[in-house]
Peer 1: 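Would you mind keeping the following structure in view while I ask a few things?
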Amino acid sequence: MAAYLLRRLVQAVLILFGVSLITFALLYVLPADPVRQIAGRAASAQTVENIRHQLGLDQPFVVQYGRYLLGLVQGDLGRSYLQRTDVSTLIAARLPASLLLMVGAIVCELALGLTMGLVAALKRGTALDQALMVGSFVGVSAPQFVVGLLLLYVFAVRLSWFPIGGYGSFSHLVLPSVTLGILGAGWYSRMMRSAMVDVLRQDFIRTARAKGLKRATVLFRHALPNAILPVIAMIGIDIGLFMSGIVVVESVFGWPGIGQLAWQAIQRVDIPIIMGVTLVSACAIVLGNLLADLVTPFIDPRIKLQ
Amino acid sequence: MRAFLASTVAASALTLALLAAPAAFAEDKAAAASAQAGEYTPDPDAKEGGAIVVTYKDDVSTLDPAIGYDWQNWSMIKSLFDAMMDYVPGTTELRPALAESYDISDDGTVFTFHLRKGVKFHNGREMTADDVKYSLDRVTNPKTQSPGAGFFGSIKGYDDVASGKADHLAGVEVVDPSTVKITLSRPDATFLHVMALNFASVVPHEAVEKWGADFGHHPVGTGAFKLADWTIGQQLVFQKNADYWRDGVPYLDKITFEIGQEPIVALLRLQKGEVDIPGDGIPPAKFREVMSDPEQKARVVEGGQLQTGYITMNVTMPPFDKKEVRQAVNMAINKDRIVQMINNRAIPANQPLPPSMPGYDKSFEGYQYDPDKAKEMLADAGFADGFETELYVMNTDPNPRIAQAIQQDLAGIGIKADIKALAQANVIAAGGAKDEAPMIWSGGMAWIADFPDPSNFYGPILGCAGATPGGWNWSWYCNEDLDKEAAKADSIVDPAKKDERDKMWSDVYGKVMADAPWVPVFNEQRFTMKSKRMGGADDLYVDPVHIPINYDYVYVTDVQ
């Protein structure tokens with residue numbers, strides 16, 4: 001177990017290194033010049049070169065990347081070109097909001113997805129089953145931008161049940177969580193349905209029924225735990241989906257998380273922020289996957305980590 | 001440049017005021033008289049107190065006046081800081097601010113500012129001439145990385161500071177605690193405008209030294225408001241500066257800026273009464289709906305804007321090296337149709353300067369839309385069968401649609417243009433490379449003037465100085481004779497000769513249009529929406545300088 005963990009951690013570091021190298025290289029070859037954005041239109045060529053030199057952007061790629069890595073291993077994510085603040089400060093200020101949204105979204109997608117999947121499995125082959133599966137398909141395919149605006153319009157503007165965007169209270173959290181959760185709910189409902197259908201076919205369920213147990217007991221004591229655990233283990237893998245989702249959802253709802261930060265930075269070629277958010281997201285994804293793998297043997301003792 | 005940073009905002013069309021301003025003042029005779037004297041008559045109906053909510057989509061990056069150059073922080077900085085000069089609210093007319101008065105030497109190279117006494121920074125210390133010198137040294141120091149440093153290029157000693165050879169501007173001299181003498185290396189008619197820019201704001205050295213690079217998050221100025229709270233990425237709270245040196249203003253006690261709100265969400269919240277000013281304006285998709293609802297339309301203020309949207313033709317790339325070809329293109333573009341396409345949020349243009357800019361030539365006719373004649377001219381120039389070219393454009397709405405309209409118009413005279421829709425930064429990079437972009441539609445990056453002076457549309461975007469790699473003169477037009485004329489116009493410093501100077505600038509732009517490196521397409525109008533309870537003259541909501549609105553002079557009607 002310890003050896004496995006060590007190996008995975010080394011892998012994780014290598015992945016992060018790879019991500020940083022690729023992102024840095026992509027930003028390096030970008031034709032847009034961040035110095036021009038900083039210097040402004042009134043700047044003379046000399047001012048531009050001055051700034052370029054101060055930021056070390058006149059150095060060859062290897063030196064620039066080396067410097068970045070050197071800072072990185074010391075926990076320094078650099079300084080935003082345009083916000084003139086440490087990237088770590090900016091991310092730290094926004095990370096709690098993104099994490100909160102992620103928790104909200106996980107609760108939403110599990111509650112929605114598992115219920116839908118369960119009902120669909122029990123009503124297999126009926127119109128309800130088909131309707132739910134079509135619903136999940138729509139949930140998976142609908143652009144989050146559209147879902148978000150739709151929810152905003154119906155529940156915040158028309159019905160006034162929730163505030164129109166913003167941050168600060170539980171009611172602010174609901175709509176963005178649902179928007180983000182609908183996508184995952186689509187996946188989960190399908191996984192839950194097939195897992196449940198699978199379990200219900202197993203011999204031990206037939207035995208339980210044959211023993212004369214109540215339907216509810218069979219379902220909730222015997223079938224559900226077996227079907228639900230593998231599904232829940234997927235949450236770790238979901239984090240990648242969340243990371244791409246928050247960029248859109250946070251913008252629609254004015255949610256002050258790192259997705260919004262990334263979006264603004266991309267538009268303005270603020271390379272240190274883009275790098276920082278990319279690395280933080282990559283970290284989250286790698287950790288999520290690792291977590292998913294570590295949890296699996298506890299859920300299903302047949303699986304052993306090697 | 002502000003337009004450039006606030007790309008989508010500018011693209012979706014907002015802003016500036018001037019068009020209506022002179023007329024509005026003429027109606028009010030008292031105001032007209034005082035405006036001429038460079039003064040402002042306070043609004044007799046103004047009420048003190050109350051708080052408003054303003055929203056913006058993008059983060060406020062910094063409130064450091066030496067650095068801030070965004071759509072959203074421009075006006076905020078104006079309310080936190082003051083400079084030697086500013087403008088009569090709602091107009092483009094200069095008035096003294098931290099300077100009580102000023103003298104200009106006869107040769108136009110020495111400006112002496114006499115400071116107002118008893119002006120205090122938010123930290124309680126009195127502002128002196130040393131602070132003025134410190135602030136100018138700071139903004140021009142390359143270590144500050146100010147996007148506005150170049151504006152101070154006419155101050156003597158600027159080159160030494162810019163190149164790192166000196167720490168202080170030789171031309172800025174503290175005569176006594178309330179007098180600053182600034183010597184220029186050449187006469188500069190725009191210098192008073194420069195001294196009204198945010199970049200010329202006076203900052204206290206002890207606060208800058210205390211916070212270092214974080215001064216932008218802990219601003220200390222002399223302005224009408226002070227920063228009370230800032231939650232990064234969420235909101236900023238401005239509190240009234242009770243000790244403000246101008247009597248009677250500001251009216252509001254508090255302004256809350258909520259950040260990260262999409263314009264469409266801001267509009268919905270405005271309709272519910274949760275927001276007073278959506279800082280990014282009316283989203284294009286909602287524009288028709290708002291304007292067709294009388295109740296909402298009544299709360300929209302329309303004004304001119306110191307902005308021009310144009311097509312550049314790279315004069316170094318054949319066939320645009322032929323003047324006749326460029327003129328033909330000028331006649332081929334149906335500007336009325338393009339304006340209609342963006343819901344009449346602009347007016348057709350025929351010259352580089354916008355109508356609200358001094359020096360705008362009302363009698364200038366430009367190139368009339370005449371595709372038949374354009375075709376003829378193209379044939380005479382040897383392109384009877386047209387040619388193929390590329391049109392670069394920023395990839396956010398409405399720019400690709402506008403580019404398609406241009407493409408169709410060009411096709412009408414036989415020019416086949418491929419549209420290259422790219423991210424803003426990439427279009428700018430292509431424009432700054434000599435042989436890359438034959439044509440560029442400037443929308444979303446278009447020039448919004450930094451100060452209301454005709455010279456502002458020339459140097460970097462039409463002069464030889466801008467025609468360098470990485471520059472902003474995307475047509476690479478360089479006419480040295482015109483550069484000389486421009487320099488001559490800018491050496492006329494005497495305010496009494498302003499009309500003469502404006503006339504000279506009109507001539508310069510007239511000659512530019514004869515060479516036709518641009519197709520001026522339209523001047524965006526600005527539309528500011530406000531909540532029902534907002535009070536104050538319309539001019540304040542489309543202030544040409546305090547963009548989007550003048551926070552110091554607006555008020556709410558529902559207090560007391």
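Values below: every heavy atom of this structure, side chains too, minus hydrogens, waters and symmetry copies. So that the names make sense, note that chain A is the first sequence line, chain B the second, and so on, each numbered from 1.
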Peer 1: Which answer fits A/S80, side chain, backbone, both or neither, if we ask what part of it has an atom under 4.5 Å from a heavy atom of chain B?
Peer 2: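 Neither part.
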Peer 1: Using non-hydrogen atoms and a 4.5 Å limit, figure out which bit of B/T140 sits close to chain A: side chain, backbone, both or neither.
Peer 2: neither
Peer 1: Enumerate by number any residue of residues 255-264 of chain A whose heavy atoms lie under 4.5 Å from heavy atoms of chain B; in the absence of such residues, state 'none'.
Peer 2: A/P256, A/Q260, A/L261, A/Q264
Peer 1: For the atom pair CZ (A/R84) and CD1 (B/I67), what is the distance rounded to the nearest 0.5 Å?
Peer 2: 4.0 Å
Peer 1: Is a donor on one side and an acceptor on the other found under 3.5 Å between the side chain of B/K272 and the backbone of A/I164?
Peer 2: no
Peer 1: Nearest heavy-atom pair of A/L55 and B/Q145: which atoms, and what distance?
Peer 2: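 Closest approach of A/L55 to B/Q145: CD2-NE2, 4.1 Å.
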Peer 1: Please classify the contact between B/S163 and chain A as side chain, backbone, both or neither, with a heavy-atom cut-off of under 4.5 Å.
Peer 2: both
Peer 1: If you count heavy-atom pairs under 4.5 Å between each of B/T62, B/V427, B/D159, B/L268 and chain A, which one has the most?
Peer 2: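 Looking at each option in turn, the highest pair count goes to B/L268.
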Peer 1: With respect to chain A, which residue among B/E258, B/H217, B/Q261 yields the maximal number of heavy-atom pairs within a distance under 4.5 Å?
Peer 2: B/H217
Peer 1: Say you draw a straight line from OG of B/S61 to CG of A/D270; how long is it, rounded to the nearest 0.5 Å?
Peer 2: 9.0 Å
Peer 1: Select all residues of residues 88-106 of chain A having any heavy atom within less than 4.5 Å of some heavy atom of chain B, and report them by number, or 'none'.
Peer 2: A/L90, A/A93, A/R94
Peer 1: Given a strict heavy-atom distance threshold of 4.5 Å, which part of B/A213 is in contact with chain A: side chain, backbone, both, or neither?
Peer 2: both
Peer 1: With rounding to the nearest 0.5 angstrom, report the CD to NZ distance, A/Q54 to B/K143.
Peer 2: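 Here the rounded value is 7.5 Å.
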Peer 1: Which bit of A/L149 is near chain B, if near means a heavy-atom gap under 4.5 Å: side chain, backbone, both or neither?
Peer 2: side chain
Peer 1: Rounded to the nearest 0.5 Å, what's the gap from CG on A/L152 to CD1 on B/I264? Could you check?
Peer 2: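 Going from the CG atom of A/L152 to the CD1 atom of B/I264 covers 9.0 Å.
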Peer 1: Can you establish whether the number of heavy atoms outside A/Y153 located under 6.0 Å from its atom OH is more than 12?
Peer 2: no
Peer 1: Closest heavy-atom contact between B/D214 and A/R79?
Peer 2: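 Reported closest heavy-atom pair: OD1-NH2, 4.2 Å.
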Peer 1: Please report the interatomic distance OG1(A/T85) to CD1(B/I232), rounded to the nearest 0.5 Å.
Peer 2: 6.0 Å
Peer 1: Would you say that A/Q83 contacts B/D59 through its side chain, given a criterion of any heavy-atom pair below 4.5 Å between the two side chains?
Peer 2: yes
Peer 1: Look up atom OH in A/Y167 and atom OG1 in B/T231, then write down how far apart they are to the nearest 0.5 Å.
Peer 2: 10.0 Å
